[in-house]
Amino acid sequence: MFKTVLIAVDVSEEAETQRILSAAKALTADWDCALHVINVVPSVGMAVVGSFLSEDFEARSKEVAHVQLMEAIADANLNARTHVLSGKVYDMILTEAEALGADLILVGSHQPELQDFLLGANAARIVRHAKASVLVLRD
């Protein structure tokens, strides 16, 4: 059905990550497709915030996230390539999806708060701007 699937997770949310990876495994079990799992470490943002952090904070954060992502993929018994990036979550997911030629993006969404209306902020932006199909998994 789909040839390249990008699965977006937040490794800081272990239960949510396992739920999404398990769903992805079940969904794609009969497909002949390449699986990619992405985790985006949010950028520090304002310089005033970054000035309180060490110079290698972002690199170390990405290393820790990569280890956690590899463990989560192993726990889910999933055969996938990993991508750990830093920046704006939705922007990096969309950029990576396009670079990979993904034809499906799988993303989780927490139960909405009143201000979120139907989707979380990142999931909503991904749905609105993605060139690929997007499947949003609710918890």
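Along the sequence shown, residues carry numbers from 1. Keep in mind that this is a model prediction, so the values were computed, not measured.
Judged by distance alone, with hydrogens and angles left aside, the side-chain atoms of Ser86 form no donor-acceptor pair with the main-chain N or O of Pro42 at under 3.5 Å. In this structure, the side chain of Asn39 engages the main chain of Val11 through a donor-acceptor pair within 3.5 Å. Without hydrogens or angle criteria, Lys131 side chain to Glu98 main chain gives no donor-acceptor distance under 3.5 Å. Proximity of a side-chain donor or acceptor of Asp103 to a complementary backbone N or O of Thr4 within less than 3.5 Å is detected.
Here the straight-line distance linking atom CD of Glu16 with atom CG of Leu21 works out to 10.0 Å at 0.5 Å rounding. Interatomic distance, CG of Asn79 versus OG1 of Thr28, reported as 10.0 Å (0.5 Å rounding). Distance check: Asp10 CG to Gln68 CD gives 9.5 Å after rounding to the nearest 0.5 Å. The CG atom of Asn122 lies 12.5 Å from the CE atom of Met92; values are rounded to the nearest 0.5 Å. The distance from the OG atom of Ser22 to the CG atom of Leu27 is 12.0 Å, given to the nearest 0.5 Å.
Residues Trp31 and Leu106 are members of one and the same hydrophobic cluster, defined by side-chain heavy-atom contacts under 4.5 angstrom among Ile, Leu, Val, Met, Phe, Trp and Tyr. Under the 4.5 Å side-chain heavy-atom criterion for Ile, Leu, Val, Met, Phe, Trp and Tyr, Val5 and Met1 are members of the same hydrophobic cluster.
Of the charged side-chain nitrogens involved, none lies within less than 4.0 Å of a carboxylate oxygen, so that Arg60 and Glu63 do not count as a salt-bridged pair.
Minimum heavy-atom separation, Cys33 to Phe2: CB-O, 3.0 Å. Of all non-hydrogen atoms in Ala72 and Thr17, the two that sit nearest each other are CB-CG2, 3.8 Å. Ala123 and Gly108 make their closest contact through CB-O, 4.1 Å (heavy atoms, listed as atom of the first residue, atom of the second, distance). Here the closest non-hydrogen pair linking Ala102 and Ala132 is O-CB, 3.3 Å. Contact record, Val40 with Gly87: CG1-O, 3.7 Å, taken as the closest heavy-atom pair.
Within 6.0 Å of atom CD in Gln18, more than 12 heavy atoms from other residues, nucleotides or ligands are found, so the atom counts as buried in its surroundings.
Residues Val41 and Glu58 have side chains not in contact (no heavy-atom distance under 4.5 Å, counting atoms from C-beta outward). Within the 4.5 Å cutoff, no side-chain heavy atoms of Ile38 are placed close to those of Val9. Looking at heavy atoms from C-beta onward, Glu96 lies in side-chain contact with Leu85 at the 4.5 angstrom threshold.
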Quiz item: After noting the C-alpha distance and the side-chain angles of Leu135 and Ile105, does the key distance pass the side chain to side chain contact (heavy atoms under 4.5 Å, CB included) rule?
Solution: CA-CA 6 Å; Leu135 176 59; Ile105 302 170; over 6 Å; no
Exercise. Give the C-alpha distance, both sets of side-chain angles, the deciding distance and a yes or no for side chain to side chain contact (heavy atoms under 4.5 Å, CB included) between Leu6 and Leu104.
Key: CA-CA 6 Å; Leu6 181 62; Leu104 177 64; over 6 Å; no
Quiz item: Under the side chain to side chain contact (heavy atoms under 4.5 Å, CB included) criterion, do Leu94 and Ile126 qualify, and how do the steps go?
Solution: CA-CA 7 Å; Leu94 292 171; Ile126 292 166; 4.2 Å; yes
Practice problem: Evaluate side chain to side chain contact (heavy atoms under 4.5 Å, CB included) for Leu137 paired with Arg19, printing each intermediate quantity in order. | Solution: CA-CA 9 Å; Leu137 293 174; Arg19 186 181 71 81; 3.8 Å; yes
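Scored by the ring-ring contact (aromatic ring centres under 6.0 Å, His included) test, Tyr90 finds no partners at all (sequence neighbours excluded).
Side-chain contact of His66 with Thr82: a donor-acceptor pair under 3.5 Å is present, judged by distance alone.
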